[in-house]
Amino acid sequence: MKTALIIPAYKPAKELLALIDRFMQNPVFVPVVVDDGSGADFEPIFSALPEGVRLLRHPQNRGKGAALKTAFEYVLKHLPECDLAVTADADGQHKYEDILRVCDRAKANPGALVLGSRRFDGKVPLRSRFGNGVTRKVFSVASGVKVYDTQTGLRAFDRQAMAKFLEVPGERYEYEINMLLTAAQGGIPIVEEWIETVYLDDNASSHFNPFRDSLKIYMCIFKFCASSLLSFVVDYVLALILKGLTSAWPAAVSLTFSVVAARLVSATVNFIVNRHVVFKGNESLGKAVAKYAAVACVVLCLNLALMHGLTALGVPFALAKILVETTLFFFNFTAQGKFVFRKR
């Protein structure tokens, strides 16, 4: 089994050559380097790559995501002998021994996406520690999967996953978080292998912009939350209107009717938006509706029980509605992403 070693390179330093030299001595690996529009100043580094390295070029900088896709497409078309691919950064942050361990873990877990995860121990730049910490928590909420290092560039996977990752949107750093979301939603197991945390010169060689690229990453995640917020607004406003219109009814009947009717409307809105915009599931409509209905029934029963309990304790209806919806948000979101809208 051969492995394609994929390295997207934008204005790389000499560490790229040192890493490639190590792998040229290992016949298992086929190095594939993508020059992502580094420019004439960095031509000496690419010219120094040894014979046997597959060098792909972008005339202009297109982003890390685009560079990875270029490499994936090349491997799938021209390297049929490579059953596995491993991506690594060009700045020297991924050590030879760690890359080998990640590949071995991928071979032991067929069909999985294996991440070389850093523990962020020792001297770690504040922007890296903070950025990974926030992204880790947001990703866990958005996908229902816990990943310790969501921004690692050291990843190994097979050809089938590579073909799926070619369809993932994103051209720059947001692409890597989209890969994780695709794996989580598509049922691809995510396995982590601990690697050494290496930062050279306080991570000065990184081209990751903390504000611009983090915003792209979080926007990709928060679109999941926007759909739930929309359905919450529809549900909340409609429940208040129906409660007012049925105020002459017995209190328990009015509450039950308002909650159920509002939930039916908001659930329809939520299903349409989540299926076509958020999760983009490709299961048959009948299966998706059946699974969504099952989750919605569970959420509705919990909603009713909590609403009756809180209002019986004297909590105003409007406040009780907010408390209940907030409590059920995370359960509902995880259930939809992990169970309802999974891709085939």
Side-chain angles (χ1 to χ4, degrees), residues 138-145 168-169 174 177-178 181-182 184-187 218-247 249 252-311 315-344:
V138 176
F139 179 81
S140 177
V141 172
S143 68
V145 177
V168 174
E174 78 277 8
I177 202 72
N178 287 349
L181 288 170
T182 297
Q185 297 158 18
Y218 300 146
M219 286 300 292
C220 290
I221 295 176
F222 288 141
K223 70 177 182 179
F224 290 90
C225 302
S227 173
S228 296
L229 179 60
L230 173 63
S231 62
F232 165 74
V233 172
V234 173
D235 188 69
Y236 182 71
V237 173
L238 189 56
L240 291 180
I241 293 175
L242 293 175
K243 188 67 170 58
L245 294 175
T246 59
S247 58
W249 297 6
V253 176
S254 174
L255 186 149
T256 300
F257 173 79
S258 301
V259 170
V260 172
R263 178 51 54 90
L264 288 175
V265 175
S266 65
T268 302
V269 173
N270 186 251
F271 176 85
I272 294 173
V273 175
N274 283 356
R275 186 167 191 263
H276 295 287
V277 179
V278 180
F279 296 103
K280 297 181 180 179
N282 60 3
E283 284 189 321
S284 66
L285 179 61
K287 287 185 177 180
V289 170
K291 290 193 291 186
Y292 184 89
V295 172
C297 287
V298 172
V299 173
L300 179 58
C301 290
L302 292 173
N303 193 303
L304 284 172
L306 291 173
M307 285 295 295
H308 281 293
L310 289 175
T311 54
V315 179
F317 180 86
L319 177 58
K321 186 67 175 171
I322 293 177
L323 294 175
V324 170
E325 293 299 337
T326 302
T327 301
L328 294 179
F329 169 80
F330 296 107
F331 167 80
N332 189 28
F333 186 82
T334 302
Q336 288 191 41
K338 295 287 291 179
F339 174 65
V340 178
F341 297 108
R342 291 172 63 121
K343 292 181 180 291
R344 288 179 292 186

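Atoms considered below: every heavy atom in the structure, side chains included; atoms not considered: hydrogens, waters and symmetry mates.
Here the shortest heavy-atom pairing between Ser258 and Ser254 reads OG-O, 2.8 Å. Considering every non-hydrogen atom in both Ala262 and Ala239, the closest pair reads CB-N, 3.6 Å. Across all non-hydrogen atoms, the minimal contact from Leu242 to Thr246 is O-OG1, 2.7 Å.
Side-chain contact between Leu310 and Val324: present, with at least one pair of heavy atoms (C-beta onward) separated by less than 4.5 Å. Taking 4.5 Å as the limit, some side-chain heavy atom of Leu285 sits within range of a side-chain heavy atom of Arg275. For the pair Met307/Phe317, a side-chain contact is recorded, criterion being any heavy-atom separation below 4.5 Å from C-beta on.
Test Val234, Leu229, Leu230 against Phe232 for side chain to side chain contact (heavy atoms under 4.5 Å, CB included) and you get one pass: Leu229.
At least one donor-acceptor pair closer than 3.5 Å links the side chain of Ser266 to the backbone N or O of Arg263. At least one donor-acceptor pair under 3.5 Å links the side chain of Thr268 to the backbone N or O of Leu264. No donor-acceptor pair closer than 3.5 Å links the side chain of Asn178 to the backbone N or O of Val168.
Annotation: side-chain hydrogen bond (donor to acceptor under 3.5 Å, both in side chains) contacts of Thr311 (sequence neighbours excluded): none. Applying the ring pair (Phe, Tyr, Trp, His ring centres under 6.0 Å) rule to Tyr292 yields the partners Phe271; only residues at least two apart in sequence or on another chain are considered.
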Give every donor-acceptor pair under 3.5 Å between a side-chain atom in residues 293-306 and any protein atom, sequence neighbours left out.
residue: Asn303; atom: ND2; partner: Glu325; partner atom: OE2; Å: 2.9

